[in-house]
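Reading through the structure tokens given below for one structure.
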Amino acid sequence: MNKKLFIWFTALTVGLTSAVSIGGGVSEAKTSADFSDLQDLDAATKAKFDSLIQAGIFNGVSDNNFGLNQEMNRAQFAKVAALISNLNVNQDLKTSSFSDVSATDAANGYALPYIEALKQAGITNGVGSGEFNPSGTVTKEQLATFLVRVLGQDARAQSAPGVSDGTVSDWARGYVQVALGQGLLSNSSDGTFGGQEEASRKLLATGSFETAKTIEAIRPLEVSGADFTAGNKLELTLTVGIDGSSVDLSKITINGVPLDPKLDSYVLSEDKKTIIIKLHQGFKLDTSKTPVIVVKGLKTLFGNEVKNEESTLISVKITEPPATPPVVTPSPSTSTPFTPSTSTPIPTPGPDVTLAINAANGTITQTTASYPVTGSVTGVVYYSVLPSGLAAPSLDGIKLGTNAVVHGSVELDGTKGNLELYGLSAGTSYVLYAYEFANNKTSTISNVPFQTLVEQQIGPVITFNALGTNRSRGDVSDSINASVNADGYDKLYYVLTEFSPSDSPSADQVKSGQDATGVPALQYGTIDTDSRESNIGISGDLLSNMTYRFYIVGSKENLNSQVAEFTFYRTDPIIESFMSISMPIVTPNSITVSPEYSGSNYHFYYLTTDQFAGMNPPSADYIINQGGLGEYNSIDSTVSIQGSFTTSIGLYTVIVEYDQTVGDYIRSNVVTYIPVPSSELDRR
């Protein structure tokens with residue numbers, strides 16, 4: 001993220017009273033029904049507010065008033081920013097890096113830990129002069145900038161041509177374009193965005209819902225582990241908080257047998273990431289083999305589906321098997337009272353347990369670390385990561401994660417395992433503590449101090465030039481050309497990969513010639529540059545029936561650019577039935593277009609002639625990547641474009657639609673509309 005750009009991160013007073021969902025998912029937490037000013041919202045919007053309230057991101061300004069149309073301030077905005085970004089927040093902080101933020105501030109002091117978390121993550125440096133301005137208001141264009149950056153699309157916004165909307169500041173036009181295109185925010189009823197208007201709590205809530213849902217969808221949403229524990233309980237651990245109403249015990253099977261909602265019950269943990277199932281008396285479990293558990297039907301608080309890969313079994317532990325009722329059999333040959341037996345095994349002495357952390361082969365980045373571990377016997381390793389300077393934790397402290405930044409457990413494969421540590425802060429000193437539990441014994445606590453790498457400085461994003469950026473179809477294979485602005489970088493690194501809508505490589509991966517999964521890209525290379533503009537040509541074995549994604553990073557000494565990306569669509573086939581558009585209806589605030597095309601549910605991309613003033617039309621791929629996205633109206637088959645326009649404006653347009661036959665998106669060629677000047681009409 002470019003820290004020199006405008007950064008306007010703020011958030012919401014919340015403080016949801018945590019409640020535990022019980023049985024069929026009933027929760028004591030508030031819902032939209034508890035707030036008088038939410039009653040007139042439509043059902044879909046109420047559902048979004050319910051999700052945000054249940055997730056602990058929003059609550060009302062009083063017991064029965066949500067404060068729907070109240071303006072928010074930067075302190076409120078900071079809390080939401082930290083929560084939906086999943087930042088580590090130290091609630092014990094009492095001092096701030098900013099001179100105008102104080103824990104004793106009755107109005108905004110609650111936000112101090114969240115503001116510091118944003119600063120620690122490099123998201124905000126305040127408003128300058130060492131101040132944050134917690135009571136300051138937030139405009140709509142500042143909100144758009146925040147949401148786009150949380151989605152990790154800062155580079156796309158900076159390279160976008162931006163909206164043609166006089167209500168939006170020049171610096172924010174790219175961010176507003178991306179926010180509108182992603183459906184995070186919408187224009188006002190008059191067709192303008194109103195970028196410098198102050199944003200309300202309603203706008204922050206609806207925008208945050210869409211952003212949080214999108215962020216959540218790209219993470220693993222699955223049941224990550226299962227553990228049979230004391231008291232005839234089965235604990236299912238998830239990677240995400242779930243909607244308790246989506247839990248149906250009959251859709252949870254153990255070795256192919258579904259649980260019985262009439263006999264079994266469950267509670268949902270406070271963070272909604274663990275389903276604690278109370279198994280009925282008499283439940284039997286075959287401990288001679290690892291149980292196979294399948295869970296279906298779960299949904300997250302934001303409506304995403306929780307789905308485990310069918311080819312990967314849920315990791316199961318049996319800390320304490322379910323107790324089988326005693327079976328009493330009368331003895332036929334003796335009067336000695338019969339002693340009932342139980343299936344619970346009696347612990348037997350075992351060898352001493354030891355654990356070694358292989359610090360020499362550990363891997364450390366800015367925000368992650370990984371360490372191989374070796375135990376003397378098969379067992380479970382519990383680990384915890386604490387900031388340097390804190391007292392060493394006890395065994396229970398490690399298992400429970402007391403004062404920990406990261407904690408968890410790993411079941412050894414034989415005697416080997418790997419501790420994967422995520423969510424760390426760049427340039428920070430930590431200590432990893434770990435011990436193994438096996439055969440009812442524990443090893444001594446092992447520890448490894450380490451420091452994460454300092455976050456690299458990120459420079460301006462590389463931008464693409466319309467002239468020279470295109471894809472051509474050849475007799476044998478296609479060729480791709482990219483013309484970019486080097487922006488003073490000494491060297492350019494690039495990779496070409498198959499198209500993936502969600503995964504983008506990091507700058508280090510691009511410089512190493514890798515795709516987002518860490519394997520070598522289809523093609524990659526470097527270019528030394530001594531001018532502002534550089535041209536890159538790629539050919540050889542490029543299939544016409546494949547869509548490719550091009551990534552590029554600029555480098556100068558220790559400075560890397562942000563990763564810039566460009567999608568080159570397949571050239572076989574091309575939509576040939578889109579050849580013209582009727583005369584657009586142009587108003588000062590919008591353009592309505594009727595494409596002469598028989599398809600439906602298509603995407604309509606455009607550049608206006610005041611956005612692009614070249615000798616020749618830009619390529620179709622350039623318009624798709626750098627242009628705007630019109631809003632399709634299925635009722636009258638028109639497309640509307642919002643902004644500020646004059647009657648003399650022209651359009652360069654491209655249609656993209658999903659083709660069921662080829663199972664991929666295909667595009668048209670460029671269709672241009674240039675209005676005839678009125679002077680020429682008079683001469684005719």
Side-chain angles (χ1 to χ4, degrees), residues 1-2 148-149 151-161 174 178 181-182 218 365-366 455-466 468-472 478-529 532-543 546-556 558-571 619-627 664-665 667:
M1 181 177 293
N2 188 347
V148 169
R149 285 179 173 160
L151 281 181
Q153 298 194 23
D154 191 65
R156 179 182 176 188
Q158 290 187 51
S159 62
V178 174
Q182 292 280 352
I218 64 176
T365 70
Q366 284 92 352
E455 186 175 6
Q456 289 184 322
Q457 185 180 3
I458 302 298
V461 69
I462 298 290
T463 57
F464 293 86
N465 301 311
T469 300
N470 53 62
R471 176 175 179 173
S472 302
D478 287 7
S479 61
I480 286 175
N481 296 288
S483 174
V484 299
N485 294 317
D487 284 332
Y489 294 112
D490 296 331
K491 183 172 288 188
L492 302 177
Y493 298 82
Y494 69 88
V495 298
L496 187 73
T497 71
E498 293 184 17
F499 175 76
S500 174
S502 59
D503 296 327
S504 297
S506 65
D508 286 338
Q509 286 175 321
V510 173
K511 294 176 71 174
S512 299
Q514 300 174 344
D515 64 14
T517 65
V519 303
L522 297 177
Q523 294 199 38
Y524 54 90
T526 61
I527 292 179
D528 293 316
T529 177
R532 178 173 176 79
E533 184 173 320
S534 295
N535 297 300
I536 300 170
I538 302 176
S539 60
D541 299 325
L542 297 185
L543 303 178
M546 181 175 289
T547 298
Y548 294 99
R549 186 71 73 93
F550 179 86
Y551 300 93
I552 188 166
V553 169
S555 179
K556 183 176 183 180
N558 293 325
L559 178 68
N560 289 333
S561 75
Q562 299 176 64
V563 179
E565 59 187 50
F566 199 101
T567 302
F568 291 94
Y569 280 75
R570 58 188 297 161
T571 58
S619 69
D621 285 329
Y622 187 87
I623 294 172
I624 297 171
N625 283 269
Q626 306 296 325
D664 197 0
Y665 285 93
R667 63 164 176 81

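Quantities reported herein were computed from a predicted structural model and do not represent experimental measurements. All residue numbers refer to positions in the sequence shown, counting from 1.
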Is any side-chain heavy atom of Val553 less than 4.5 Å from a side-chain heavy atom of Ser561? yes
For the pair Phe464 and Phe566, name the ring-plane relationship: parallel under 30°, tilted 30 to 60°, perpendicular over 60°. tilted
Kindly determine whether Leu496 and Leu542 satisfy side chain to side chain contact (heavy atoms under 4.5 Å, CB included), including the steps that lead there. CA-CA 10 Å; Leu496 187 73; Leu542 297 185; 3.7 Å; yes
With a 6.0 Å cut-off (strictly less than), is the heavy-atom count around OH of Tyr524, excluding the residue itself, greater than 12? no
Do Gln626 and Thr469 have side chains that approach each other closer than 4.5 Å (heavy atoms only, starting at C-beta)? no
Can you find a side-chain donor-acceptor pair between Asn485 and Asn465 that sits under 3.5 Å? yes
Could you point out which residue of Tyr548, Phe550, Tyr551 forms a ring-ring contact (aromatic ring centres under 6.0 Å, His included) with Tyr494? Phe550
State, with a plain yes or no, whether a side-chain heavy atom of Asn481 is found less than 4.5 Å away from one of Ser483. no
Does the Tyr493 side chain pair with the main chain of Ala507, one donor and one acceptor, at a distance under 3.5 Å? no
Side-chain contact test, heavy atoms from C-beta onward, threshold under 4.5 Å: evaluate it for Ile536 versus Ile552 and give yes or no. yes
Inspect the contact between Asp621 and Arg667 and indicate whether a charged nitrogen and a carboxylate oxygen are less than 4.0 angstrom apart. yes
With heavy-atom distances below 4.5 Å as the criterion, would you say the side chains of Thr567 and Thr547 are in contact? yes
Run through Gln523, Arg549, Gln514 and flag the one making a side chain to side chain contact (heavy atoms under 4.5 Å, CB included) with Thr497. Arg549
